There are 2 protein chains.
Amino acid sequence: MDVGLQLTALADPTRRTIYELIRHSSSSVRELTDQMPISQPAVSQHLQVLSSAGLVTATPMGTRRIYSADPEGVALLRAWVDTLWDDVLDSFARRASKEQPQ
Amino acid sequence: MDVGLQLTALADPTRRTIYELIRHSSSSVRELTDQMPISQPAVSQHLQVLSSAGLVTATPMGTRRIYSADPEGVALLRAWVDTLWDDVLDSFARRASKEQPQ
DNA sequence: CCTATTGATAGGTCATGGCTTATGATAAGT
DNA sequence: ACTTATCATAAGCCATGACCTATCAATAGG
């Protein structure tokens, strides 16, 4: 699983708000659609992207599918950003010490 | 400064590799272009996006512009992902305790 | 000065992706 | 069984964005 999937999934504003809704409380596709200014298929497509990024999971409940936030995708993203953070800080510190060797 | 800028900036694979190069060591546009299979204008455009996301900064050195990693953008991204992580974990725990009330 | 190097900007092309409507599949209620 | 509700998939449309070539501004060096 590539971190690019999480980044592209969360890069879209509409997908971010959908994800925020799910993160707030697990909901069905209908509930999500009712809170969005877009069509139901559009929501389903966004959910597909979020799902393949490991950010949400679907559990069938009768005729509905309840989408919940999945920690897995966030964990991957978080790990990547953390290494990024460490490296950038390190590189920043090295650069600063070289600019002002005195 | 919106976190969407960082996400869209890092969502593109080419831009991620450019950012990785800069993160590894500050470089000029020419150095970056020489390590990339794309044209110099394309690199400049990517640098523009990374710059407006607060991920890199440019410092003129003669006729060249040295691009360096900027901690600011990463800090914002990291903060956002961290709150995401906490909320998702919390929501996950609550969901788990409700599913198995026994 | 004149030339060469560096890098940003403009304009144009093409693929990608986000949205729509239409349709099909599945499960629940009467 | 029939209808209704929910959701996914298909096909098509259109804006966005990633790339190109061409060009210009600015600095450095002969």
Side-chain angles (χ1 to χ4, degrees), chain A residues 1-23 25-70 73 77, chain B residues 2-23 25-70 73:
Chain A
M1 176 108 58
D2 185 24
V3 73
L5 290 175
Q6 284 87 13
L7 289 168
T8 55
L10 294 173
D12 183 70
T14 306
R15 217 142 45 204
R16 266 205 304 281
T17 47
I18 290 181
Y19 181 64
E20 296 292 329
L21 289 176
I22 295 178
R23 189 162 63 86
S25 76
S26 309
S27 359
S28 68
V29 178
R30 174 120 314 272
E31 286 173 317
L32 293 170
T33 303
D34 291 345
Q35 305 179 64
M36 290 271 134
I38 59 179
S39 70
Q40 172 265 313
V43 174
S44 281
Q45 289 161 13
H46 284 305
L47 289 172
Q48 170 71 23
V49 177
L50 289 169
S51 172
S52 60
L55 290 169
V56 300
T57 55
T59 66
M61 281 282 293
T63 172
R64 302 185 296 179
R65 308 191 67 193
I66 308 297
Y67 281 87
S68 314
D70 185 359
L77 182 60
Chain B
D2 185 24
V3 73
L5 290 174
Q6 285 86 14
L7 289 169
T8 55
L10 294 172
D12 183 70
T14 305
R15 217 142 45 205
R16 266 205 305 279
T17 48
I18 291 182
Y19 180 64
E20 296 292 329
L21 289 175
I22 296 179
R23 190 161 63 87
S25 77
S26 308
S27 358
S28 68
V29 177
R30 174 119 316 272
E31 286 173 317
L32 293 171
T33 303
D34 291 344
Q35 305 178 63
M36 289 271 136
I38 60 178
S39 70
Q40 173 265 313
V43 174
S44 282
Q45 289 161 12
H46 284 304
L47 288 171
Q48 170 72 22
V49 176
L50 289 169
S51 172
S52 61
L55 291 169
V56 300
T57 55
T59 66
M61 282 281 293
T63 173
R64 300 185 297 179
R65 308 192 66 191
I66 308 297
Y67 280 88
S68 314
D70 184 359

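Heavy-atom basis, side chains included; hydrogens, waters and symmetry copies ignored. Bear in mind the structure is a predicted one, so any value in this text is a computation, not a measurement. Every chain is numbered from 1 and lettered A, B, ... according to where its sequence line falls, protein lines coming before strand lines.
Between B/D12 atom CG and C/dG17 atom C1' the separation is 13 Å, expressed in whole Å. The interatomic distance linking B/Q48 (CD) with D/dT16 (P) rounds to 18 Å, in whole Å. Distance CD1 (B/I38) to P (C/dA15): 18 Å, rounded to an integer number of Å. Rounding to whole angstrom units, CG of residue B/D34 and P of C/dT5 are separated by 13 Å. B/R30 places its CZ atom 17 Å from the P atom of D/dA28, with the value rounded to the nearest Å.
When each of C/dC19, D/dC19, C/dT9 is scored by its nearest atom to the side-chain atoms of B/P41, the top-ranked nucleotide is C/dT9. Checking D/dT9, C/dC19, D/dC19 against every side-chain atom of A/Q45, the shortest atom distance belongs to C/dC19.
Among the atoms of the strands shown, only primed sugar atoms or phosphate atoms (P, OP1, OP2) are found under 4.0 Å from some heavy atom of B/A42. Within the 4.0 angstrom heavy-atom criterion, only backbone atoms of the sugar-phosphate kind lie near A/T14; the bases stay farther away.
The side-chain contact (heavy atoms from CB on, under 4.5 Å) test with B/L50 is passed by exactly one of B/T57, B/D70, B/V56: B/V56.
Within 6.0 Å of CZ in B/R64 there are 12 or fewer heavy atoms belonging to other residues, nucleotides or ligands.
Taking the side chain as every heavy atom from C-beta outward, A/L77 and A/L10 approach each other to under 4.5 Å.
No donor-acceptor pair closer than 3.5 Å links the side chain of A/R65 to the backbone N or O of A/S28. Panel note: side chain B/R23, backbone B/A69; no donor-acceptor pair is recorded below 3.5 Å.
Side-chain nitrogen and oxygen atoms of B/S39 include at least one within less than 4.0 Å of the OP1 or OP2 phosphate oxygen of D/dC20.
Contacts between residues 58-67 of chain B and DNA chain C, counted as heavy-atom distances below 4.0 Å, involve B/T63, B/R64, B/R65, B/Y67.
For the pair A/I22 and A/Y67, the tightest heavy-atom approach, listed with the atom from each and the gap, is CG2-O, 3.5 Å.
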